[in-house]
Amino acid sequence: DNDEPSICEVNSNPQFASTLSFTGVNLGEYIADYIMSLTIKRGLIVYDFKDALRNKWFVNKCLEQLNTKSTALSFIHEAQLDEYLENNSDTTDFVIYRGRNHELVKSLETKGIKVFNNSLTNKLANDKYQTYEFLLDHDLPCVKTRLDFSNINHFPAIMKSVSGHGGEEVYLIEDKD
């Protein structure tokens with residue numbers, strides 16, 4: 001059994017779009033609608049190798065559901081993206097980017113490639129403190145967040161790295177010691 005995500009060529013199923021939802025916006029339908037609005041529909045799903053293995057089901061589901069007669073989606077490792085785009089940037093209409101490098105996303109946007117998630121979303125989603133500041137600036141409810149744990153007086157507390165993801169780097173702090 002090969003652990004690397006495979007590339008599939010099958011017909012699209014619109015029900016897949018309804019499984020992705022975020023804060024009342026059906027993200028799957030938004031992506032599917034955008035892709036279907038293109039006259040040329042060639043795209044990539046991009047992960048680093050480790051995350052691709054961990055998210056193999058999602059990668060394969062995207063490949064399965066977004067490959068149609070008029071849409072071609074291919075998987076590529078993030079490390080291979082620059083080389084791939086040197087030869088294919090003019091035929092790449094969209095990228096589903098699942099990494100954490102917002103500067104890379106900005107460079108794709110500069111080339112006119114539509115990226116899901118865009119550079120701002122990528123930057124915020126991968127920096128917990130910037131997300132907190134964004135929520136505060138937009139008067140959205142959020143849990144009080146600190147960068148410095150030395151002045152915490154209420155326990156238990158949760159400590160999470162600013163860049164942690166996937167449920168990693170989360171710690172329960174039970175007391176001051």
Side-chain angles (χ1 to χ4, degrees), residues 4-5 7-8 12 14 16-140 142 145 161-166 168:
E4 187 171 320
I7 296 177
C8 305
S12 178
F16 175 66
S18 66
T19 64
L20 298 173
S21 182
F22 179 72
T23 61
V25 174
N26 190 319
L27 184 60
E29 281 183 16
Y30 171 77
I31 293 171
D33 287 348
Y34 174 79
I35 292 168
M36 297 313 286
S37 74
L38 298 171
T39 53
I40 301 171
K41 303 168 189 116
R42 298 187 57 80
L44 300 171
I45 183 164
V46 180
Y47 270 95
D48 73 20
F49 186 76
K50 181 181 170 187
D51 287 342
L53 291 177
R54 186 178 13 198
N55 295 288
K56 181 179 176 181
W57 180 89
F58 181 77
V59 171
N60 283 325
K61 204 60 158 166
C62 286
L63 291 168
E64 210 176 274
Q65 301 299 320
L66 293 175
N67 272 302
T68 66
K69 291 179 182 177
S70 60
T71 304
L73 181 69
S74 300
F75 170 80
I76 190 166
H77 286 116
E78 186 172 341
Q80 300 166 323
L81 184 61
D82 286 336
E83 182 180 339
Y84 177 86
L85 289 176
E86 281 179 27
N87 300 315
N88 299 288
S89 66
D90 59 336
T91 61
T92 302
D93 299 302
F94 66 94
V95 170
I96 300 171
Y97 179 69
R98 303 292 293 167
R100 288 172 277 294
N101 182 345
H102 71 277
E103 292 297 331
L104 173 64
V105 176
K106 274 187 186 178
S107 74
L108 294 171
E109 292 168 340
T110 300
K111 293 176 183 178
I113 299 171
K114 179 75 171 178
V115 184
F116 305 98
N117 292 317
N118 66 35
S119 56
L120 175 61
T121 302
N122 185 278
K123 185 176 182 178
L124 290 176
N126 293 298
D127 185 317
K128 307 303 179 258
Y129 198 74
Q130 284 189 12
T131 300
Y132 171 69
E133 290 177 326
F134 179 86
L135 294 171
L136 284 178
D137 290 346
H138 291 85
D139 296 320
L140 295 167
C142 55
T145 302
S161 74
V162 168
S163 61
H165 62 279
E168 296 175 357

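We're numbering straight along the sequence, starting at 1.
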Classify the ring geometry of H138 against F134: parallel below 30°, tilted from 30° to 60°, perpendicular beyond 60°. tilted
Look at the side chain of T71 and the backbone N and O of K41, then say whether any donor-acceptor pair between them is shorter than 3.5 Å. no
Taking the side chain as C-beta and beyond, is there a heavy-atom pair between V105 and N117 under 4.5 Å? no
Cation-pi, Y47 ring and R54 (6.0 angstrom, 45 degrees): no
Taking every non-hydrogen atom, the tightest pair across R42 and T91: CB-O, 3.1 Å
Students often mix this up, so state it plainly: with edges at 30° and 60°, are the rings of F116 and F94 parallel, tilted or perpendicular? perpendicular
Taking NZ, NE, NH1 and NH2 as the nitrogens, is one of them in R98 or D48 under 4.0 Å from a carboxylate oxygen of the other? no
If you count every heavy atom of other residues, nucleotides or ligands that lies below 6.0 Å from E83 atom CD, does the total exceed 12? no
Does any N or O in the side chain of N55 come within less than 3.5 Å of the main-chain N or O of D51, such that one atom is a donor and the other an acceptor? yes
Keeping N88 on the side-chain end and Y84 on the backbone end, is there a donor-acceptor pair under 3.5 Å? yes
For L104, does its backbone N or O pair with a side-chain atom of S107 as donor and acceptor, under 3.5 Å? yes
Verify, without hydrogens or angle tests, whether E109 (side chain) and S119 (backbone) share a donor-acceptor contact under 3.5 angstrom. yes
Closest non-hydrogen atom pair between C142 and L136, with its separation: SG-CD2, 3.9 Å
